[in-house]
Amino acid sequence: MNSFSHFIHKAVIKAGAEEFFVRFRKTTNVIRKLIPVKLRNKIPSVGRFIPNASDYPAGDSYRLTRDNTHFNIDRSDYVQWRLFYGVRDNALAEAKKHLRSGGIVLDIGANFGAFSLRLATYIAENNIKDVQIHAFEPNPSVAKNYNLNLSLNPELSQIIQLHPFGLGNEKTEKEFAFDNSNTGAGRV
């Protein structure tokens, strides 16, 4: 990142204007889709004003609402920052298409709940009956954050069950390694 972008990102953070640019980006993206691709790619995206995960201090704590679901996230963590920035979740969109009453959903590697909590909100809002979501997250600190996010959405606790362990093809205990700046890259 060049020094000018870094300066802009720090100014946006200091002004507390991140959410403004996130919303503005979402609005302009709708308009940008109307512009032919050859021209669209010549117009800079408003997303350039949104600070990157690396612009936030480790342990950042930020409350936000996405898709009528409340979260407490650490914007310095790349996976959590993606929710903040508004990266489209194709898996969530696809899961919504296939939901049926009485269904069971497995969220394997649930992280802080971006997928399963928003899916549960969708289930509740659309009155889809008897759906169970089983969320698996082996990282203890991330599972703790998932529980915090679930507590911010208590109406979803009837739909979601968090399992604070990994899911695999053998019953054993293994070391779990992860990077604090990208909790989505954990591995056994």
Side-chain angles (χ1 to χ4, degrees), residues 22 50-188:
V22 167
I50 301 169
N52 299 315
S54 60
D55 292 317
Y56 293 97
D60 173 71
S61 180
Y62 187 77
R63 292 253 169 126
L64 61 86
T65 301
R66 296 289 187 267
D67 300 317
N68 298 325
T69 310
H70 308 291
F71 294 93
N72 188 72
I73 65 166
D74 177 352
R75 292 172 295 182
S76 72
D77 177 75
Y78 179 70
V79 172
Q80 296 178 56
W81 174 86
R82 289 172 52 89
L83 178 69
F84 168 72
Y85 184 82
V87 174
R88 181 177 51 247
D89 188 337
N90 294 329
L92 179 62
E94 206 51 38
K96 288 177 180 179
K97 290 180 193 175
H98 298 286
L99 275 174
R100 301 290 179 266
S101 292
I104 296 175
V105 177
L106 303 179
D107 185 3
I108 301 169
N111 205 285
F112 67 101
F115 171 81
S116 51
L117 288 167
R118 290 185 295 161
L119 185 61
T121 297
Y122 177 83
I123 290 165
E125 289 176 346
N126 290 279
N127 203 24
I128 302 171
K129 299 289 185 198
D130 303 319
V131 176
Q132 298 175 352
I133 297 176
H134 293 274
F136 296 86
E137 179 49 56
N139 182 327
S141 63
V142 177
K144 182 178 176 183
N145 191 25
Y146 190 109
N147 269 323
L148 169 62
N149 289 331
L150 186 55
S151 74
L152 296 174
N153 303 278
E155 68 283 3
L156 305 180
S157 63
Q158 298 301 310
I159 300 170
I160 296 175
Q161 183 173 356
L162 175 63
H163 305 277
F165 50 83
L167 194 61
N169 63 352
E170 59 185 84
K171 187 174 183 173
T172 185
E173 284 192 29
K174 300 210 176 197
E175 285 292 318
F176 184 77
F178 63 94
D179 179 346
N180 284 324
S181 66
N182 185 357
T183 55
R187 62 204 165 283
V188 173

| Partner residues of Lys129 under the side-chain contact (heavy atoms from CB on, under 4.5 Å) criterion, sequence neighbours left out | Ser101, Asn127
| task | Find out whether Ile123 and Ile133 are in side-chain contact, i.e. whether some heavy atom of one side chain is under 4.5 Å from a heavy atom of the other. | result | yes
| Rounded to the nearest 0.5 Å, what separation is found between the CG atom of Leu119 and the CD1 atom of Ile128? | 8.0 Å
| message | Between Leu92 and Asp67, is there a side-chain heavy-atom distance shorter than 4.5 Å? | response | yes
| query | Can you list every pair that meets side-chain hydrogen bond (donor to acceptor under 3.5 Å, both in side chains) and has a residue in residues 166-175, with sequence neighbours left out? | reply | none
| Sequence neighbours excluded, which residues qualify as side-chain contact (heavy atoms from CB on, under 4.5 Å) partners of Pro51? | His9, Val12, Ile13, Glu18, Asp55, Tyr56
| task | Determine, stepwise, if the pair Leu64 / Leu83 fulfils side chain to side chain contact (heavy atoms under 4.5 Å, CB included). | result | CA-CA 9 Å; Leu64 61 86; Leu83 178 69; 4.1 Å; yes
| query | Please, which pairs that meet ring pair (Phe, Tyr, Trp, His ring centres under 6.0 Å) have at least one residue in residues 99-123, sequence neighbours excluded? | reply | Phe71-Phe112
| query | Does anything in residues 146-163 pair up under side-chain hydrogen bond (donor to acceptor under 3.5 Å, both in side chains), and if so which pairs, sequence neighbours excluded? | reply | Ser116-Tyr146, His134-His163
| said: Can you tell me how far apart CD (Glu125) and OG1 (Thr69) are? Round to the nearest 0.5 Å. | reply: 7.0 Å
| Is there side-chain contact between Leu117 and Thr121, with heavy atoms separated by less than 4.5 Å? | no
| query | Can you name the side chain to side chain donor-acceptor pair (under 3.5 Å) partners of Arg63, sequence neighbours left out? | reply | Asn72
